[in-house]
Amino acid sequence: MLHGKRVLLIVTGGIAAFKSLDLIRRLRERGASVRCVLTEAGAKFVTPLSLQALTEEKVYSDMFSLTDESEMGHIQLSRDADLLVVAPATANILARMAAGMADDLAATVLLATDKPVLAAPAMNVRMWTHAATVANVETLKKRGVTFVGPNEGAMACNEFGPGRMSEPLEIVAAIEALLTSEKPLAGRRALVTSGPTREALDPVRYISNHSSGKQGHAIAHALARLGADVTLVSGPVVVPDPAGVRVVRVDSADQMLAACLAAGAVDVAVCAAAVADWKAAKPATAKIKKKTGAQPPALELAPNPDILATLSKPGAKRPGLVVGFAAETEEVVANAIEKRTRKGCDWIVANDVSPAKGTFGGERNTVHLISAKGVEDWPTLAKEEVALRLAGRIALHFGQPPKAQAAE
Ligand code: PMT
């Protein structure tokens with residue numbers, strides 16, 4: 001898939017740098033050529049000799065090397081590449097990229113490039129969740145940098161959480177998606193719902209759930225990358241807006257339904273939002289007072305509209321393909337099969353949301369794709385990877401872009 005593609009791999013200083021050696025091997029197996037920039041800190045973890053042996057290319061480190069500048073030049077390094085990949089991307093390089101610094105060869109090449117950039121972060125969990133890193137990542141995403149990972153798990157520093165660099169094959173999948181020039185969903189309109197809804201009990205309290213929006217947002221991003229014109233209707237989340245996607249923010253299920261209907265005709269709808277099934281029958285207009293000695297107030301609930309079932313109703317306005325999600329804690333596949341029939345959607349993506357699985361808010365997901373044809377069990381993947389696979393399947397379902405079909 002990567003035949004003839006040129007990747008400039010920037011290796012910075014993290015323990016995950018050892019995985020970059022395997023990444024080079026995987027990329028070359030797929031026909032890509034790889035050239036490396038190694039930072040001073042990166043060289044503490046892998047040697048220029050290892051990178052050179054694996055890439056069969058000279059390794060660049062020094063911005064002020066007369067030989068390197070005369071042979072190649074830092075601008076030429078990025079000009080010659082189809083894609084720049086920063087793996088591992090430490091908190092330090094992300095901060096320098098966000099600040100637009102050019103204090104070494106890696107940062108200078110990243111500042112000087114007009115090519116797509118993919119970053120595979122790797123750092124301690126507290127560095128990843130630090131407000132400074134969160135803000136830097138958001139800035140870089142807004143500027144069009146694509147991220148793969150990090151994954152959650154045990155780390156070299158004996159801590160657990162998000163911060164592990166994605167596995168080489170996950171990075172390869174992200175590279176393939178970025179370097180695929182085909183836009184099989186060009187001319188298609190997509191609607192994606194994501195995140196939780198909030199159902200007000202009174203002006204200060206609400207019913208909600210643990211959805212972070214990571215899965216739904218990744219799906220919107222993946223569909224946009226394949227060329228679709230995407231509207232993302234999102235409940236309240238803190239994950240950044242995906243690049244190249246129209247985002248409509250809502251709070252409640254009623255607002256989410258209204259926003260979905262206002263999005264107009266679409267070719268595909270993917271309902272990944274965790275919509276609250278119930279809302280307060282009569283939300284109080286003022287804060288409900290806690291009275292000493294009184295019983296807690298009884299909570300009277302009313303059903304929310306079912307957005308997926310509404311979008312799935314047969315009719316001229318029904319999207320060509322409606323994909324639901326099923327969040328289950330037991331009998332995952334059997335319950336999801338029943339849900340697909342009951343709600344009338346074409347496909348349903350089943351996932352286990354038992355707390356032990358860490359699906360809500362986590363980085364990875366284990367899903368089963370269920371259609372009229374049967375059940376496909378997918379391996380545990382980063383949510384971005386689940387999204388890319390699902391978007392790929394949606395593209396396959398539609399076949400050629402509408403313009404190409406019209407030309408036939
Ligand atoms: O957001 P993350 O932290 O990344 O977590 C991802 C996720 C677990 C939220 C996601 O993968 C997922 O499973 N989303 C569906 C959550 C859900 O509400 O599932 P459900 O089984 O209760 O609902 C089935 C389907 O009906 C879903 O497509 C849901 O969007 C839809 N629905 C449900 C109720 C309702 N009133 N309206 C709906 O449209």
Side-chain angles (χ1 to χ4, degrees), residues 177 183-197 211-235 237 239 241-250 253 256-257 259-275 305-313 317-328 336 339-340 342-351 353 359-360 365-373 376 378 381-399:
K183 299 282 181 197
L185 289 174
R188 304 276 179 202
R189 294 197 67 219
L191 171 69
V192 180
T193 69
S194 181
T197 63
S211 170
S212 62
K214 286 180 186 170
Q215 187 63 84
H217 279 49
I219 292 167
H221 190 214
L223 290 169
R225 270 168 45 186
L226 294 192
D229 174 359
V230 183
T231 300
L232 170 65
V233 180
S234 173
V237 294
V239 290
D241 293 349
V245 165
R246 191 180 307 106
V247 183
V248 183
R249 285 183 196 78
V250 297
M256 188 171 271
L257 176 63
C260 287
L261 296 177
V266 293
D267 298 287
V268 56
V270 182
C271 294
V275 185
D306 193 309
I307 299 162
L308 176 62
T310 308
L311 295 175
S312 300
K313 274 198 193 121
K317 288 190 179 158
R318 188 191 193 279
L321 180 66
V322 183
V323 184
F325 266 71
E328 306 293 342
K339 211 169 254 181
R340 187 183 83 85
R342 178 161 44 86
K343 301 214 180 201
C345 56
D346 302 298
W347 301 351
I348 203 154
V349 182
N351 48 197
V353 292
T359 307
F360 272 127
N365 202 354
T366 313
V367 308
H368 313 268
L369 178 63
I370 299 166
S371 68
K373 287 186 191 155
E376 267 180 41
W378 290 6
L381 298 165
K383 283 182 177 169
E384 287 82 2
E385 178 67 5
V386 170
L388 282 171
R389 276 197 183 205
L390 186 63
R393 296 303 291 268
I394 290 169
L396 269 181
H397 169 85
F398 283 110

Please assess Ile219 against Phe325 for the test side chain to side chain contact (heavy atoms under 4.5 Å, CB included), listing each intermediate value before the final yes or no.
CA-CA 12 Å; Ile219 292 167; Phe325 266 71; 3.6 Å; yes
Return the minimal non-hydrogen interatomic distance between [X] and [Y], and the atom names on each side.
| X | Y | value |
| --- | --- | --- |
| Asp306 | Leu308 | OD1-N, 3.2 Å |
| Leu223 | Ala190 | CD1-CB, 4.0 Å |
| Val248 | Ala259 | CG1-CB, 3.9 Å |
| Cys260 | Thr193 | SG-CG2, 3.6 Å |
| Ala272 | Gly216 | CB-CA, 3.8 Å |
| Leu226 | Ala395 | CD1-CB, 4.2 Å |

Just how far is it from atom [atom1] of [X] to atom [atom2] of [Y], taken to the nearest 0.5 Å?
| X | Y | atom1 | atom2 | value |
| --- | --- | --- | --- | --- |
| Cys345 | Leu321 | SG | CG | 9.5 Å |
| His217 | His221 | NE2 | NE2 | 11.5 Å |
| Arg342 | Ser312 | CZ | OG | 12.0 Å |

Are [X] and [Y] close enough that some pair of their side-chain heavy atoms sits under 4.5 Å apart?
| X | Y | result |
| --- | --- | --- |
| Val250 | Thr197 | no |
| Pro196 | Val237 | yes |
| Leu232 | Ser194 | yes |
| Arg318 | Asp346 | yes |
| Arg393 | Glu376 | yes |
| Trp347 | Ile394 | yes |

Just by modelled atom types, is the [Y] backbone N or O under 3.5 Å from a matching donor or acceptor in the [X] side chain?
| X | Y | value |
| --- | --- | --- |
| Ser234 | Gly195 | no |
| Gln215 | Lys383 | yes |
| Asn351 | Val367 | no |
| Arg189 | Ala265 | yes |

Inter- and intrachain pairs under salt bridge (Lys or Arg N to Asp or Glu O under 4.0 Å), touching residues 217-227, at least two apart
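For residues 217-227: none.
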Test side chain to side chain contact (heavy atoms under 4.5 Å, CB included) applied to Leu191 and Leu311, step by step:
CA-CA 10 Å; Leu191 171 69; Leu311 295 175; 4.0 Å; yes
Candidate list Asn365, Val323, Val270, Ile370, test side-chain contact (heavy atoms from CB on, under 4.5 Å), partner Val349, passing option:
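By the side-chain contact (heavy atoms from CB on, under 4.5 Å) criterion, Val349 pairs with just one of Asn365, Val323, Val270, Ile370: Val323.
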Test of understanding: with side-chain hydrogen bond (donor to acceptor under 3.5 Å, both in side chains), list the residues that count as partners of Arg246, not counting sequence neighbours.
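Applying side-chain hydrogen bond (donor to acceptor under 3.5 Å, both in side chains) to Arg246 gives Asp229, Thr231.
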